[in-house]
Amino acid sequence: MMLRIGMLTSGGDCQALNATMRGVVKGLSNSVDELEVYGFDDGYKGLIYGKYRMLTSRDFSGILTQGGTILGTSRQPFKLMREPDAKGLDKVAAMKQTYYKLCLDCLVILGGNGTQKTANLLREEGLNVIHLPKTIDNDIFGTDMTFGFQSAVNIATDAIDCIHTTASSHGRVFIVEIMGHKVGSLTLHAGVAGGADIILIPEIPYDIKKVVSAINRRSKAGKRFTILAVAEGAISKEDAQLSKKEYKAKLAARAKKYPSVSYEIAAQITEMSGMEVRVTVPGHTQRGGSPCAYDRVLSTRIGAGAAESILDQEYGVMIGIVDGKIKRIPLEECAGKLKMVSPKDQTVKAAKQIGISFGD
Ligand code: F6P
C-alpha cells in the first residue's frame, strides 16, 4: 500500500508538536509499503502558497523531546480564510489546488481552535483532513486534554514555586500572570499545583474587594505573603456585565495604562490595602522547552491514533482523548466550540474547599 500525506502545524506553537508528528509518521511507516510525507512551511501559509518539502522518516527521528515545530508555524485567522490575500488570491482555492497537485490521501493538521475551524472548512470543501488538538490552553471542545497543556502547567507551576521563596522572604503580594487566552484551565491547574492563595480565571469573574479581603485575611492570620495566579483573560464582575463592544473599548483604554490585567489588579490592591505588589509574567516560556513526560505519551498516542484513522480511511475527525481513551471526534461536532472551565469543576471545588479564593 502506498500513502501520500501532507502535514502542517498552525497557530501558536507548544511543546509536543514534533512528538505528535513523529507518532503519526512512525505509526504509518510501520504499516504501509511506501509513505510520502509533505511538510508545509509555517502552517496554512505553506498550503496556500505551495511552500513544502518532502520529508523522510529520518526527519522524524530524534524529535520526541524537541520543543517547537520542525515545520514552522504562523497564525492565519479563520475569519480571513474566505477573503482574498493582498494580491487577490483565493486562499481556499489555492489550498485545494496544492492538495490536489500533490495527490494527497490526507492532510494532517496540528493546531488549536482557529486551526480546527479551517480544517473543518477544508473538510466541507471535500478534502480528507485529520485534526490533532494542540494548545497550552486546553480549550478545545471534544477532547479532555490537548498536548502542550501539561508541559505548560509544569512551567507555570515552576514559576509560582520560584515566586514562593522570594515572596516569603519579602512579605509581599505577588501576582503570576498565566496564559490561556479566554480560558482559565492553565491558571487553575498551575495555581493549584503551585499552592497559589488566590486564583482568578475568566470563567469566575472576580470582585476586587473580595480579592483584597482574602489578602487581608491572610495578613491577619500571620501570613507574610500572598500569591495570586491570574489568568491573562481574568475579568472583574463589573466588566463581565459589559457588552462585547463595551468590553473591547474597556480593554483598549486599559492598554494605555497597564500592560495587562495583572498590572491593573496590582494597582487596585495597592490602592485599597497599601500593600506592595509585584507582577511576574512568564509569558511565552510557558510554550517553550521540551514536552513533559505526560505530553510525550499523549502525543505518541494521538499520533498513533491518527495513523490508525488514516489507515481506516476515516477522515474529517479530530483525534482526541476522552475518559482516558483515544477517540475520533467528527469535526462538525467540535469545530467552533470553546471548552471553558465550569465554575462547578471538581478542581475548582477542591481548591475552594482548601481555602483558595477565586475572588467571587
Ligand atoms: O493559544 C496559545 C497562546 O499561548 C495563548 O495562551 C496566548 O493568549 C496566545 O497564544 C499568545 O499568542 P501569541 O504567541 O501570538 O502572542
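We count ligands from 1, going down the list as the structure has it; atoms in each ligand are counted the same way. Both backbone and side-chain heavy atoms feed into the values below; hydrogens, waters and symmetry mates do not.
Of the possible polar contacts, none joining the Ser262 side chain to the Ile175 backbone as a donor-acceptor pair under 3.5 Å is found.
Using a 4.0 Å cut-off between heavy atoms, Gln286 makes no contact with ligand 1 at all. With a 4.0 Å heavy-atom cut-off, ligand 1 is reached by no atom of Leu186.
Ligand 1 places these atoms under 4.0 Å from at least one heavy atom of Ile136: 4 (O). Residue-ligand proximity, Met179 to ligand 1, at heavy-atom distances under 4.0 Å covers atoms 4 (O), 6 (O).
Taking atom 3 (C) of ligand 1 as the reference point, the nearest protein heavy-atom neighbour is Arg287 NH1, 3.5 Å. The single protein non-hydrogen atom nearest to atom 1 (O) of ligand 1 is Asp137 OD2, 2.7 Å, given as residue, atom name and distance.
Within the cation-pi definition used here (under 6.0 Å to the ring centroid, within 45° of the axis), Arg254 does not qualify as a partner of Tyr263.
Grouping the Ile, Leu, Val, Met, Phe, Trp and Tyr side chains by contacts below 4.5 angstrom, directly or via other members, places Met2 apart from Tyr38.
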**OP:** Would you check, one step at a time, whether the test salt bridge (Lys or Arg N to Asp or Glu O under 4.0 Å) holds for Glu264 with Lys250?
**Re:** CA-CA 12 Å; Glu264 184 182 39; Lys250 157 83 208 273; 3.4 Å; yes

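Comparing His284, Glu232, Arg75, Lys182 against atom 10 (O) of ligand 1, the shortest heavy-atom distance belongs to Arg75.
Using a 4.0 Å cut-off between charged side-chain N and carboxylate O, Arg82 and Glu125 make a salt bridge.
In this structure, Phe149 has its ring center closer than 6.0 angstrom to the ring center of His189.
Considering backbone and side-chain N/O atoms, Gly180 comes within less than 3.5 Å of an N/O atom of ligand 1.
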